[in-house]
Amino acid sequence: MQFDQIMVRYGEMALKGKNRHKFEQKLQSNVTHKLKRYPATKLKKTRDRMYVMLNGEDPYKVMETCQEVFGIQSLSFAIRTEKEEDKIKEAALFAFNDSENAKTFKISAKRTDKTFPIGSQEMNQRLGGHILKNTEDVTVDVHNPDVEISVEIRQDAVYITAKKYPGAGGLPVGTTGKTLLLLSGGIDSPVAGYLAMKRGVEVEAIHFHSPPYTSERAKQKVMDLAQELTRFGIKLKVHLIPFTNIQQKIHQEMPEGYSMTIMRRLMLRISEAVAKEQEILSMTTGESLGQVASQTMESMSAINDVTNYPVIRPLVAMDKLDIISISQQIGMYDISIRPYEDCCTVFVPKSPKTRPSKEKARYYESAVDFSEDIKQAVEEREIMELKLQTASESVNEFKDLF
């Protein structure tokens, strides 16, 4: 006996009222894309559930893939069996044994087919007795069981589920708009992108690189992080901005203490130009309050001064250890700590202002005309589009969009 389907339960989007069907359609589309690597699977949607029909695919691999899809609250393996008592008992025991280390259980039978001769309460007792007879050191607990075995007796068959596996939660990616993620290649910004996607946001990324001061390996590191983010959002476009000339100009023309502030202001100005061109309504950064000199309240205010666009900061109140923990959980950490430099480490001032004045930043920046540099950086950018990889595709296969 083996599991033949996976039950998908909705999370927060189940509360969306009249708009619920839009969220469900997007979730269905996202799950379908994720399951392309398992060609035998089929997705079936009912009024308040989705079912992944396995058709012989490895249930545990499919489960692991579905757990990465935002919008899913929980999942359970399910077995479809004939309406015969012995077969129902066999399936219920199999489902219980899938729950490792479970010592208590509860049976919840529901008989929607009233022609079936065994009532719900009696079925609970018969299945409970069968499990107790065929296991050791296991007891019934109807109030707080380790595992609840649900048995639904329908017209066509009996469906049995047991252990609940956690889903990714949140909202389906693509249901709440699009943001432009400033992706640096460090630990923080990929986590910020992940958390934005968890709220249903579709992400495009922008990365600033400064050859020859930054290497191709540093660029590849960023592309690898972006590729990992496609696991949660299907596809991701990356805008690679040549930043060398601007950084050199800042280093030559700006007061040292304000060079970091001016650099980040220009990054936001370039990001806003790209966002407008791509019809994106916000920007997202990996800033965490007080973590470094450019992330004090005063620094963020002075930097944010150049744009009216909403700047989303999912990590702003998070501890560094919490950010690292999420990075490790989502498989980004080992890539993020590769020892390849990014442009933020180039021309680092010895004593950057931790409390820069907005007025002084404006004054220093106004003394040098950066408008043509910004325009050139936007025009000369390289654009890559990454997609969710199937088992047969190379992780580093990119499509240029010139």
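Computation of the quantities below employed the complete heavy-atom set of this structure, encompassing side-chain atoms and omitting hydrogens, waters and symmetry-equivalent molecules. Along the sequence shown, residues carry numbers from 1.
- Between Lys235 and Glu202 the shortest side-chain heavy-atom distance falls below 4.5 Å.
- Centroid-to-centroid, the aromatic rings of Phe70 and Tyr194 come within less than 6.0 Å.
- Expressed to the nearest 0.5 Å, how far CD of Glu380 lies from CD of Gln376 amounts to 4.0 Å.
- Leu289 CG to Ser299 OG: the interatomic distance, rounded to the nearest 0.5 Å, is 10.0 Å.
- A 4.5 Å side-chain heavy-atom check between His207 and His239 finds every atom pair outside the cut-off.
- At a threshold of 4.5 Å between non-hydrogen side-chain atoms, the residues Ile374 and Leu266 count as touching.
- Between Tyr258 and Ser357, some side-chain heavy-atom pair lies under the 4.5 Å cut-off.
- Counting only N and O atoms by type, the side chains of Ser108 and Ser150 include no donor and acceptor under 3.5 Å apart.
- A salt bridge is absent between Glu365 and Lys360; no separation between the charged side-chain nitrogens and carboxylate oxygens falls under 4.0 Å.
- Relative ring orientation between Tyr60 and Phe77 is described as perpendicular, the plane-to-plane angle rising above 60° on a 0-90° scale split at 30° and 60°.
- Electrostatic pairing of Arg80 and Glu152 does not count as a salt bridge here, judged by no charged N lying under 4.0 Å from a carboxylate O.
- Considering only heavy atoms from C-beta on, Arg199 stays 4.5 Å or farther from Val173 through its side chain.
- Side-chain N/O atoms of Arg313 and Asn304 include a donor and acceptor closer than 3.5 Å.
- Residues Leu225 and Met332 are in side-chain contact: their nearest non-hydrogen atoms beyond the backbone lie under 4.5 Å apart.
- The pair Asp141-Lys103 does not count as a salt bridge, with every side-chain nitrogen at least 4.0 angstrom from each carboxylate oxygen.
- Contact check on Lys276 versus Glu272 returns a salt bridge, with a Lys/Arg side-chain nitrogen under 4.0 Å from an Asp/Glu carboxylate oxygen.
- Rounded to the nearest 0.5 angstrom, Ile206 CD1 and Leu181 CG are separated by 10.0 Å.
- For the residue pair Glu298/Ser301, the side-chain donor-acceptor check at 3.5 Å is not satisfied.
- Taken from CG in Leu183 to CG in Asp188, the straight-line distance is 11.5 Å, to the nearest 0.5 Å.
- Take Phe96 and apply the ring-ring contact (aromatic ring centres under 6.0 Å, His included) test, not counting sequence neighbours, and it matches Phe105.
- Of the charged side-chain nitrogens involved, at least one lies within less than 4.0 Å of a carboxylate oxygen, so that Glu228 and Arg231 count as a salt-bridged pair.
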(request) Walk me through it: do Tyr10 and Phe23 pass the test ring pair (Phe, Tyr, Trp, His ring centres under 6.0 Å)? (result) CA-CA 10 Å; Tyr10 307 150; Phe23 287 81; over 10 Å; no

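- Between the CD atom of Glu253 and the CD1 atom of Ile262 there is a distance of 12.0 Å, given to the nearest 0.5 Å.
- Checked for salt-bridge contact, Asp146 and Lys163 miss the test: no charged N lies under 4.0 Å from a carboxylate O.
- At least one side-chain heavy atom of Asp305 sits under 4.5 Å from a side-chain heavy atom of Arg265.
- With hydrogens and angles left out, the side-chain atoms of Tyr165 and Ser74 include no donor and acceptor closer than 3.5 Å.
- The line from CG of Leu93 to CD1 of Ile149 is 8.0 Å long, rounded to the nearest 0.5 Å.
- At least one side-chain heavy atom of Asp373 sits less than 4.5 Å from a side-chain heavy atom of Lys249.
- Side chain of Asn55 to main chain of Ala40: a donor-acceptor pair is present (N/O by atom type, distance under 3.5 Å, no hydrogens or angles).
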Problem set entry | Residue pair Arg338, Asp224: steps toward the salt bridge (Lys or Arg N to Asp or Glu O under 4.0 Å) verdict | CA-CA 11 Å; Arg338 291 177 190 169; Asp224 289 344; 2.7 Å; yes

